[in-house]
Asker: 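Encoded as structure tokens, here's the structure I'll be asking about.
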Amino acid sequence: LLVLDPAGSVSTFLKGNGQPFTAINDLTALPETGKVLLVANNALTEAESTSSRLAAWASSGRAVIVLEQKNPLKFQALPAEMEPAANEGRTAFAEDLDHPALRGLKQKDFFTWEPGSVVYRDAYLKPTRGAKSLVQCDDHLRHSALVEVPTGKGVMLLSQLAIGEKLASNIVAATLLNGL
């Protein structure tokens with residue numbers, strides 16, 4: 001497990017749960033030995049949000065988990081047809097509660113996360129091709145707060161749920177991170 005976490009909040013959670021990981025400082029030279037890369041909330045720059053580096057790294061059979069970003073992946077960074085959007089909400093709906101990332105959760109777990117009640121921010125428009133929406137939300141449920149994107153032999157899990165932001169104080173956020 002490789003972790004890019006400039007703010008340290010996800011690393012603190014992982015250490016507290018006895019989860020071993022290797023901290024990385026940037027995405028320029030991702031180790032070939034890594035199997036899973038976890039990008040903590042708001043860790044991506046504007047330039048990194050458009051780079052195909054994460055998808056390329058995942059394509060050989062690895063997993064990339066990207067928690068909520070102010071600069072969400074877009075353009076060539078997404079090997080699927082979907083777009084970032086501007087929104088915020090307090091209710092979302094799981095589309096596949098049997099998915100490993102959502103195991104142990106119920107629909108009621110996606111309603112008003114404390115502190116502050118926000119469940120998601122800047123959720124993607126639902127993918128039209130090349131990805132699967134796992135948690136839907138916003139206007140007429142046309143957005144996805146959690147998306148699974150196959151990339152070659154690997155996978156990317158992109159979340160705009162407030163997981164990293166609420167990790168220290170919300171059991172649903174912690175359960176989701178463990179599932180991811």
Side-chain angles (χ1 to χ4, degrees), residues 1-15 17-84 94-105 122-136 143-161 163-164 167 173-180:
L1 175 62
L2 306 174
V3 177
L4 175 64
D5 184 14
S9 59
V10 172
S11 298
T12 300
F13 174 81
L14 294 172
K15 287 176 189 171
N17 285 295
Q19 174 66 51
F21 65 92
T22 301
I24 60 172
N25 295 323
D26 57 50
L27 299 173
T28 55
L30 293 171
E32 292 296 319
T33 56
K35 297 290 182 196
V36 177
L37 170 62
L38 173 58
V39 178
N41 51 310
N42 301 320
L44 296 178
T45 65
E46 183 69 29
E48 291 167 334
S49 75
T50 61
S51 170
S52 61
R53 183 183 321 250
L54 295 176
W57 190 80
S59 69
S60 66
R62 298 181 182 102
V64 173
I65 301 162
V66 181
L67 300 184
E68 68 272 21
Q69 301 294 318
K70 290 179 184 170
N71 297 308
L73 297 181
K74 58 188 172 218
F75 310 132
Q76 66 199 30
L78 288 173
E81 289 184 21
M82 58 189 231
E83 298 176 23
E95 294 189 70
D96 182 2
L97 283 169
D98 293 326
H99 190 280
L102 304 176
R103 196 165 291 137
L105 296 173
D122 300 331
Y124 290 94
L125 283 168
K126 274 192 176 176
T128 56
R129 185 172 36 184
K132 176 183 179 183
S133 175
L134 299 176
V135 176
Q136 60 187 344
H143 295 80
S144 296
L146 179 59
V147 181
E148 179 182 64
V149 184
T151 58
K153 296 177 185 175
V155 66
M156 296 174 71
L157 292 159
L158 311 178
S159 174
Q160 288 299 113
L161 294 164
I163 295 172
L167 195 54
T175 301
L176 274 164
L177 182 60
N178 287 328
L180 291 169

Asker: Go through the structure and list residues passing side-chain contact (heavy atoms from CB on, under 4.5 Å) with P6, not counting sequence neighbours.
Answerer: L4, A43
Asker: Determine whether a donor-acceptor pair (N or O, by modelled atom type, separation under 3.5 Å) exists between the side chain of Q76 and the backbone of T50.
Answerer: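 Here the side-chain-to-backbone pair exists.
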Asker: Going by side chain to side chain donor-acceptor pair (under 3.5 Å), name the pairs with one or both residues in residues 36-46, residues two or more places apart or in two chains.
Answerer: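 Qualifying pairs: T45-E48, E46-K74.
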Asker: Are P79 and V149 side-chain neighbours, meaning at least one heavy-atom pair lies under 4.5 Å?
Answerer: yes
Asker: When you compare the side chain of Q69 with that of P84, does any pair of heavy atoms fall below 4.5 Å?
Answerer: no
Asker: Which heavy-atom pair separates A40 from V10 by the least distance, and what is that distance?
Answerer: CB-CG2, 3.7 Å
Asker: Which atom names give the shortest non-hydrogen contact between M156 and T151, and what distance separates them?
Answerer: SD-CG2, 3.6 Å
Asker: Decide yes or no for L67 and L167: does some side-chain heavy atom of the first lie under 4.5 Å from some side-chain heavy atom of the second?
Answerer: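 No, too far: nothing below the 4.5 Å cut-off.
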Asker: Donor-acceptor pairs under 3.5 angstrom involving side-chain atoms of residues 51-58: please list them, not counting sequence neighbours.
Answerer:
| residue | atom | partner | partner atom | Å |
| --- | --- | --- | --- | --- |
| S51 | OG | R53 | N | 3.1 |
| R53 | NE | L27 | O | 3.4 |
| R53 | NH1 | L27 | O | 3.2 |
| R53 | NH1 | T28 | O | 3.2 |
| W57 | NE1 | P31 | O | 3.4 |

Asker: If every non-hydrogen atom of S144 is compared with every non-hydrogen atom of P127, which pair is closest and at what distance?
Answerer: OG-CD, 3.6 Å
Asker: Roughly how far, to the nearest 0.5 Å, is the NE2 atom of H143 from the CD atom of Q136?
Answerer: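 One finds 12.0 Å between CD of Q136 and NE2 of H143.
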Asker: So, R62 side chain and G34 main chain: donor-acceptor pair closer than 3.5 Å or not?
Answerer: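 At least one qualifying donor-acceptor pair exists.
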Asker: Quick one: side-chain contact (heavy atoms from CB on, under 4.5 Å) partners of E81, sequence neighbours excluded?
Answerer: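 T128, R129.
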Asker: Of all residues at least two apart in sequence or in a different chain, which pass the side-chain hydrogen bond (donor to acceptor under 3.5 Å, both in side chains) check with S11?
Answerer: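 S11 satisfies side-chain hydrogen bond (donor to acceptor under 3.5 Å, both in side chains) with D5 once adjacent residues are dropped.
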Asker: Check K126, E95, E148 against S133 for a side-chain hydrogen bond (donor to acceptor under 3.5 Å, both in side chains) and give me the one that passes.
Answerer: E95
Asker: So L177 and L38, do their side chains get closer than 4.5 Å, heavy atoms only?
Answerer: yes
Asker: With distance as the sole test, does Y124 use its side chain to make a donor-acceptor pair with the main-chain N or O of L73 at under 3.5 Å?
Answerer: yes
Asker: Go through the steps for L146 and H99 under the test side-chain contact (heavy atoms from CB on, under 4.5 Å), then give the verdict.
Answerer: CA-CA 11 Å; L146 179 59; H99 190 280; over 6 Å; no
Asker: Do I24 and L37 come within less than 4.5 Å of each other through their side chains, counting heavy atoms only?
Answerer: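 In short, these two side chains touch, coming nearer than 4.5 Å.
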Asker: Can you confirm whether L157 sits close enough to L134 that some side-chain heavy atom of one is under 4.5 Å from a side-chain heavy atom of the other?
Answerer: yes
Asker: Within this structure, what is the CD1-CG distance for the pair I163 and L176, rounded to the nearest 0.5 Å?
Answerer: 4.5 Å
Asker: Which pair of heavy atoms, one from A77 and one from S49, lies closest together, and at what distance?
Answerer: CB-O, 3.2 Å
Asker: Which atoms form the tightest heavy-atom contact between V147 and M82, and what is the distance?
Answerer: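 So the minimum-distance heavy-atom pair works out to CG1-SD, 3.7 Å.
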Asker: Might you point out which heavy atoms bring D26 and A29 nearest each other, and give the distance in Å?
Answerer: OD1-N, 4.1 Å
Asker: Kindly write out the residues that satisfy side-chain hydrogen bond (donor to acceptor under 3.5 Å, both in side chains) with K70, not counting sequence neighbours, or none if the list is empty.
Answerer: none
